[in-house]
Every structure is written in structure tokens, then in C-alpha cells.
Amino acid sequence: MKGTEPAERPERPTLVILAAGRSTRFGRAKQLEPVGPGGASLLEYAIHDALRAGFGRFVLVVRESRRHEFDARLAPLRRAGVALSFACQRLAHADLVPLPPPGRVRPWGTGFAVLAAAAALPRRGPFAVCNADDFYGRAAYESLARSLAAPPPGVRAFTVSYPLAGTLSAFGGVSRGLCEMKPDGTLLRMTEGLDLRLEREATRTGSGAEATAAVGRSAVTGTTTAGTSIRVDADSQACMGLWGFFPEILPLLAERFRAFLAACPGADDEFYLSEAVSHLAAAGRARCGLLPSGKGWMGLTFPGDRAGAAASLRQLTTAGAYPADLRTSPVHPEPAPRAQAPPVHPLQAPRRGVAIAPGRINLIGEHLDYNGLSVLPMALERNIRLEFEVLRQPAVELTGDADHGPFAFRLDRPIEPAPQGHWSNYVRAAAKGLLDHDVELKRGIGGKVAGTVPVAEGLSSSSALVVASALALLHANGKHVEVLELAALLARAERFVGLQGGGMDQAASLCGAKGHALRIDFGPLRVTPVPVPEGWRWVVASSLARAKKAGSAREPYNERRAQCAEALERLGRASWLEVVQADEVEFASIVAGGRRSLPPTLWRRFRHVATEGRRVIEAEAALRREDMAAFGSLMNASHASLRDDFGVSTAALDEIVEVARDAGAAGARLTGAGFGGCAIALCRESRAEGVMGALREHFYAPRGGVGEAALFVAAASGGATVTC
Ligand code: GLA
């Protein structure tokens, strides 16, 4: 729903984790087997990855006898605010099988486990299903969350698939759902393959992804459920039990289960989810999209699989993809929707109001947002303030300070840009963005814009103005757009001024959280507040050179963006995320490939993005464990990379960074796009005055002194608001 009635926040998907299996081949209960370096089980990695991908709640399907064990083990997650509930899988089910047939001891299988979870699922909204003893990788959950948020027409189910070779075990034959795809990317059918092993068994040493690398394109042999021998390509796609669904699948599954019961199953026959979905897809009753995932699956079929999985998790942890103490430092669920006043009915639209939107500093992660990589900014207490009256006619009439003269434009005519660099373009961008998003703006606003966030200093005064204008217009018209949707649409809208920016600034301004930095992820946009430790300060220092988004910074910024896209394409990579999340060995080989094949400038741009992307992951972990020395070193490395590889620093910014570090800052770097603007220095609270004093003396005094707007201590503030 686009900006009409109070839009409901789209439901975050729920993850159903199947943890009721009997671990027959593993020999002991494997769902809580410690595998990660800090003792976390694969199930805890699943929750961690899914939270980061935007999942909102978790339902664990367990056997009644083990419920307490799971409950105790996952208590830290619950304490951290993760919404976790349990569903017990029994042999009886009030609606489906009130009395289990005599002699039935074996659970009814994965399809039934999902039906057992149904009562614990929210009535609306999509859900995913995974196995507790499989590791699917963060990218898999992200791809699933994206697809569930915007399914192609008619597709109501998804499964993530993996190249078969990477899912085999060196320790015995395994069963896999072998997928065949239709030309439109949906599932044609899935066949259960049993006792699957690589044909060239002798050449294999490891398991999972390593094995794929070792064998290249060989074949896999096994049998069908009917006992016929099969031989399939090692690259064929295998379903590993990670699914996405909408609630309407549940009655269809129940119907399939009844059909299964009606066929008088033997005591060992199971109702598999894969078979049920495959049947529904083949019958044209549920189209199931296939989401091929490059790699990353690991599982525990046999006890011998554990060592390989543990080694891979160690590597991923060393590379910063996961905290070492994953069990005790869970990802915080996304913040609740915020930042906009309650929607007002158009007939009762207010007569006046005030919209306030903060600027931001970016702590680390520069020139990453438009590459789809996470960033770590925080909203500032300095803001843009728009005091407005609601106009009956659809027009915008605003005035600013002495440097920002009055302007007016209509909302009921095509919105054209004012000459390049004119401040009204940011307001026009907001209005056009809302109109293009089908928000009806019948009323206008008239008023005054003032601000405490310095203009063109790399602190996002421009995005703050875009955000404040949009909130004022929405409020004046009694309209509401969900906050992340608004952030994304305003990021696109701001490109009206010519700079092909990413989405960091608008999201930071809208979603700021007092006392918190914000990890912002893209595709889809998500914001996760990360607490900033007590006793540390970020000093903000202007280089006294303006970095105007619609002026001098525009062309070099757009050029960088194009260079990043070209570097990625030349390396044949699908996304930067894939580069940044590669394990250490693969990352080193990607980097070596880049050095060999890219022209010098593109190579340097590539190296900045790739290493900065990994620094953000490390920096977030450092912030969470309050290791500010590590955070400072990462800031220093970031600055060097922006200076030497990305070419966006200036002599003045370099000088500020040096003076601040010499005066005892734990780290310092330019913030924002660069080409002028500000640098930030991280220091202990007790050192902040000293660092500022050194900057005054060594940097500003020779340049004629400094005002309060150019040198200050940042405080992490809340996001934009609009009030009557
Ligand atoms: C500007 C853009 C952002 C981001 C930064 C660099 O602030 O508006 O989208 O790209 O530069 O990190």
C-alpha cells in the first residue's frame, strides 16, 4: 500500500527450525552439537544469520522430551530480545492424526513438523523453514528474505538450492532432493536421491565447499527411492531443506498429509516436505521459486562431518563474518518502526508542524552503500528543522537563512529541477519522490528551514533536508509511508540532484537511535542499532573545504561509483557481498585475481571496497565487545584506503587525521564522501578536549581560527520526527 491509509509495516518473516530429528546416522543428538569456535551449534548460527537477514521471530520444532534442553540453551537469545517459541512434534495431532496407528514410533517427517509448527506461526506473513543441523550461510537467508518480501507473480514458495557436490559427505552416502528447474526459474520437480556419493571418491579429502573445489565437474551416483541406480551431474541443484512459504501453503500441506495417511504408510515411511512441495508444484497448485545459492552449505550427517564444519566456521570467524562468542553476542533484532508521528486522517490534517531530521557521521564503511554493502553511521544531534504551515493549495513555499533564499514550486505540475546547486532541489527531490511513489499530495507547505548541521560538510545536511521535507509533506497530507520504505524511496529521490548516492544518509536520518550507531544493510534495506560504549567520543572536525553533493563532489563521486561497478563486472562477480563474505582463502584469491587482471585505478578502487566491506564487519564486532582500540585501528585503515586506493581524501583531511592521532585519538578518518568535508576522531572522553585543543592549535589557528560548527563532539541521536 503506497502512502494512503496508514501503511502496515510488512511482516518480518518467521523462521521455523526443525530440531526434532533423531540423528540416527550421527549417533547422538546433533542439533545442539557445539561446532563454532565459541561452542555455538549450527542452530545458533541459523538464528544469527536469519536475524541479520531481517527475520523477526523463530519457532523451534522439538521433541517434547528435549524441549527443556533447548529452552535452557537458547535462554541468552531470549534475554537479548529474540522472539523465540517452541512447538512440540508429537505422533498425534488433534486435526490430522488424533490417534497414531499402532506401532508408529518414528516421527512423521519434515512436512508434518511444519504442520506441527503451524499453531505457533503468526496468522499472516511469510515464514521460512530450515533444518537445525544444517548451516546455510547468511546469503541464503538474505536471498530468501528478499524473495519473500517481493515474490514474483504467482510464486508462493521458494527453496534455496546448492550445487550437489558441495553437499556430499566424505564419510558416507547422503540423501538429497535433486531439483529440476523450469525455464522460468521455478521448480519443475524434485526427486529424492539416496546414498549419493561422488563418483571420483578417491580424490576427495574434505567435505562441503572444499570438496566442490577439489573435484571440479564430476558426477554423483546413488539410487532413487525405487532402488534404480542414478548418475547425476555434480553441479545439479540440491534442495537442503531451506524453504520459504506464505501461510496458504499450510492447508495444502495438510491435504497432502491426509493423502499420505490414506495410503496406509509403513511404520518407517515419512511425510517429507520436499515431496509434498514437489507434488504441489508438479500439480500446478503451488509455484515454487528456486533460489540457487553459490556455496556455503555445511551439515552434520555423520560424526566425521563435524571437523570440516568446525574448521570452516573458524575461518569465517577469523575473517570477521561471525563473532567468536556468537552464543553470548546475538545480533539485535531490528529496531521497531519509528520516526514518524502517528498518521492523521486527511480531513483532520494539521494546520502546522515541525519536521526535524538529523545529519549523520559515518563511523566506518565509506563508499559501500551504493555497492550494496553494510555501513555503520550514527545520527547526530545536529539537524535540519522545517517549521511549516499547511497550505490549502498544492504548493511548496519555503525560505532559509541568508544563504538560502525563498523559493516556491507547485505539487500539481511536473517538478522540474532548479539550476544545479540550488538548495530547493533537495525539497523538490523529496516531493517528486513521494509523488512518484503514488502518494497524493493535495496540500502544500509554507515555512522556514533552519539547521544546526553544517551545510556541505559531509554530514548529510542535504539528506536531512530531503527527509524533513518529505515528513512535512506527508504530515500535511495525513499520509504515512513505512519508515524503511520511505528511506529507500528518498535515497532514490535524492538522485534528482545528480549525485548517484547510496541509501546510507536517508536511512541514518530516519532511523537514528539515541546512544547507538546503526548498522545499515541494503537489498533489502535494514537498520540494526549497535550500542556505542560509554566513555568514548567522536570528535568531528571540518576540513574547511566544502563537499557539495550537487557541486564539486558530484562528478568524482559518480565516477567512483561507475568504477566500482566496472571492477566487479570485469572480475565476473555477481555482487560485492559475495566478495566480502568469501572465506579467507577465497578472499585472498579474489584479491590476487583483481591485482592481476584489473587496470591500476580499478584495482585500487576494488581493493578499497573489498577491504572496507570486511572492516565494517570487524568494526561492528569490535563495537559490540567494546574494543575501541580495535575500532580505532580499523578507522585508521579505512582512512588510508580512502586516501590511497579510493582517492577521495584531501591534504587538509589527512592533516586533521594526523593531528588527532598524534594528540591521542584511538583512530581517525574522513567521514562521508570525502573531497572535502569533515574527519572524525575516536577518543576516550577524557582525551576529547585535548584532541580538540591540538586541532585548534595545529590545524585551525594557522587558518584563522575555528567556529563551533566546525569542531564539535558528536552525540548519537534519535531519528527524524514530525510533530504538530
Ligand atoms: C555520500 C552519499 C552516501 C554515501 C557516502 C559515502 O554521503 O550520499 O550515499 O555513498 O557519500 O560513503
Side-chain angles (χ1 to χ4, degrees), residues 357-380 384 425-426 429-430 433 453-467 487-512 517-523 525 527 540 542-543 546-565 576 580 605 608-613 615-616 619 635 638-639 641-643 645-650 653 669-680:
R360 60 100 191 96
I361 53 173
N362 188 15
L363 305 184
I364 196 159
E366 224 61 84
H367 290 272
L368 295 189
D369 57 355
Y370 55 77
N371 289 312
L373 295 175
S374 309
V375 295
L376 200 63
M378 79 187 199
L380 291 176
I384 295 290
N425 280 336
Y426 294 105
V453 51
V455 173
E457 290 280 13
L459 303 179
S460 273
S461 58
S462 45
S463 300
L465 176 56
V466 171
V467 167
L489 92 85
L490 292 180
R492 288 192 298 275
E494 200 181 312
R495 297 190 191 133
F496 183 74
V497 306
L499 182 124
Q500 298 298 310
M504 165 171 70
D505 306 343
Q506 302 77 7
S509 185
L510 275 164
C511 302
L518 309 166
R519 193 195 73 232
I520 304 181
D521 309 307
F522 301 90
L525 183 65
V527 179
V540 183
S542 164
S543 67
R546 298 193 138 199
K548 281 195 169 182
K549 273 188 182 173
S552 57
R554 191 170 88 165
E555 294 318 319
Y557 180 100
N558 290 346
E559 186 189 25
R560 300 298 184 286
R561 183 174 177 144
Q563 288 168 334
C564 293
W576 283 103
V580 164
R605 305 297 186 248
H608 167 71
V609 177
T611 56
E612 184 82 347
R615 279 190 286 273
V616 171
M635 287 175 73
S638 167
H639 185 80
S641 174
L642 287 160
R643 181 190 60 209
D645 281 350
F646 218 61
V648 295
S649 189
T650 62
L653 286 166
R669 59 183 290 277
L670 70 84
T671 190
F675 316 110
C678 288
I680 52 171

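Counting from 1, the numbers follow the sequence of the chain as shown. Every number for a ligand or one of its atoms is a count from 1 in the order of the listing. In this text the structure is predicted, and so the values were computed from the model without any measurement.
- Closer than 4.0 angstrom to ligand 1 lie heavy atoms from R360, E366, H367, D369, Y370, G501, G502, M504, D505, K549, Y557, G672, A673.
- Ring geometry, Y557 versus H367: the interplanar angle falls from 30° to 60°, so the pair is classed tilted.
- Checked by atom type, the side-chain pair N362/T671 shows no donor-acceptor distance below 3.5 Å.
- Among pairs with a residue in residues 364-376, those fulfilling salt bridge (charged side-chain N to carboxylate O under 4.0 Å, His left out) read E366-R669, at least two apart in sequence or across chains.
- Using modelled atom types, no side-chain atom of S460 and backbone atom of G359 make a donor-acceptor pair closer than 3.5 Å.
- Across all their heavy atoms, P377 and A508 have their closest contact at CG-CB, 4.0 Å.
- Formation of a donor-acceptor pair under 3.5 Å by the R560 side chain with backbone atoms of G647 is found in this model.
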